[in-house]
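Because only heavy atoms are used, hydrogens play no part in the values below, and waters and symmetry mates are left out as well, while side chains stay in. Chain letters run A, B, ... following the sequence lines, proteins first and then strands; every chain starts at 1. Please read these numbers as outputs of a predicted model, since none were measured by experiment.
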Amino acid sequence: MSDYRDKSNDNNADWHDSELSALYQKTSKEEPSQQLDQQILDDASKEAEKPLQKQVENNIKPFAPFSKHWGIPMSMAAILVLSVSVILTIDRETPEMISKEPAPLLVDELKIVTKDETPEQKLSTPGITPIETTTEDAAAAPDRPQRQLVKKDRGNVQNGAVAESDESLGLSTGFTSDLANDSARETQSSLRPAESDSQFKPQATRKKSEIEPIQRERRKDTQTGARLKKALPKTKQAKSNKQEVTDASNVSKTQHDKVSIDPVTKKTPAKAKPGAPKPAMQAAPSSMGIVADVASAPPLAEAEAVQELTHAPQAADSVSSPQESASESSPSGTFSRAPSANFSQSSKQKRLEKQRNTTGKQCLSLSQADCLASDTCILELDKADKTYVCRAASNHCELNFIQALADKKSCETKPNCTFTAAQCYCPPGVLCVCGGGPPASCSLQSN
Amino acid sequence: MAYPASANRQNAVLKPGAKSLWAYSTPNICGIVTALEDKAYDCVQEPPSNEQLMLQYRDGNTQAFTELYHRNKSSLYRYFLRQTQRNSIAEELSQDVWANIVRSRQRYQQTAKFTTFLYQIAHNRLVDYFRQSANRPGEHPAEQDCDQQAKTSDHPDKQAESLQASQRLLELLQELPEEQREAFILKEEAGLSVNEIAAVTNVNTETAKSRLRYAVAKLKQGLRGFL
């Protein structure tokens, strides 16, 4: 029907001329030859006689994956597979990449890292060295040693100190705790005989009057150890630090060991201000030469738990600092009696100066963050150069004052010390509104 | 022209004077009615279309192909002859096209007219031929075939006025551009509509119309004295 319409339209159109068509039809009489006709018809009949199946087989195209027919599905499948694999790869890689970066340390963790290192670790981490603190300095921070005690005791001065500090180091350096535990086990095994020596040998030589209070204290410690178990997990600090929670069970044992190590050290706590929290076990010396940490500020609950273990400071003025006693401990790991009142003032000063010199050099090598977290180094703004310089603490106010914490209380509890808050100081790597000002400081009041 | 009969043919009764019998083709109402009522009717069946013949040939009916061939061979041959102006080449190209149809019969689908299908193949073959001949310096399509020249010059005495006009028409046809000539031949020889010409030559309808219009105008102008 449509053909008919087309034809009729065509016939009426200007491209059609009936006369011309008629003339052409008269002209067109040529025919192909009979021979050609016969040849074509023969070919057609031969082709038609061929079995249909064979022809169908011949017409079936072989599977050609790169032909146009398969092109689109194949490319779609390839795109799908590629995109899925890329997504999976990204999903897998992203957590690893994140975990490769060291986790940002909390200020507390930084503190732990800097405090709890063994001498061996300190050697491996430049800029962090053992520091001895004077009795005076220790007394200036009466509420800090308690935390140090807990940390020390948990690992124990002899037994677990290495392991614990290894773990804490692991936070910053990426060492696994397994490695640390291995080294701790080795250390434990090597130190146990010495520990027993240290416990019994001195006692044998002591007088009865000295031994009796020690025994009393031991009994007390065993009782309070259990209480400490309960008390510790409640602390805020324990919440923030999983290590403390998990190691809480060790605390009682280590406390006991610690207390029994050296009775002399119990006398070391600072000048006890009446009513002030006792710097319990701050003087706990380690056979490894670990410096007592007096800078940490424990939370109240922890402090209470620790206070039960503390021993009343006796004749604090006449006793030398625990660091001194630690430094004078015999190389074999046994503790000798601390040279309490025998130290002359001049030798003390010399030693302090020497220590400051060595610390000063090490402070210079610290980064800003480390310096802020250090209790022996002070980050100061050089007003002339407008650069930050890390120097050793020069007075009792600066000593044990951790700038990162900016603890006003701990500063102002020290005599003649004034706390100055940071003025537009911006730590490196932190986006701040302003920067370039001095960090928090605890300075000595100048009369 | 008589064609071989098939099983259906016996049900149809040829009317005397009927031009041809197409009863061998597809079943038809006429055949069914006669079979049921056992009654003879005068029944002149419609001739099967080209498409039906091609489908029958696809199913193995060689007679259908013979019929199909005889219907279309002359127009196809002349299509090539008008374009190439050589008998030998026109026959060769025609043979190629029919061979192609025979080979591809299994893939034949009745989606368009058979003539469209046929002349599409012919057009492609002609394009190939022109490409090949353009690369061969010895063979130029414009060269007149000696046989063709001889044929036209064989009957100078028989040429009447109309024949002179026909001759003039053929000459004018050769003077037309290739595309316009092809469009005109497809219309006159194959009887294709403008749309079908456009489909065969792969151009849009307007282009086909334009080509036809120009061709007709030029031919009419050339034949002014004869028409």
Does [Y] offer a backbone N or O that forms a donor-acceptor pair with the side chain of [X] under 3.5 Å?
X	Y	result
B:E182	B:Q83	no
A:E30	B:L81	no
B:R82	B:E189	no

Of all of B:R213, B:R211, B:R78, which one pairs up most often with chain A through heavy atoms under 4.5 Å apart?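 If we count pairs closer than 4.5 Å to chain A, B:R78 comes out on top.
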What part of [X] gets within 4.5 angstrom of chain A, counting heavy atoms only: side chain, backbone, both, or neither?
X	result
B:F80	neither
B:Y57	side chain
B:I101	neither

SG of A:C390 to SG of A:C371, below 2.5 Å?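 Judged by the SG atoms alone, which are under 2.5 Å apart, A:C371 and A:C390 are bridged.
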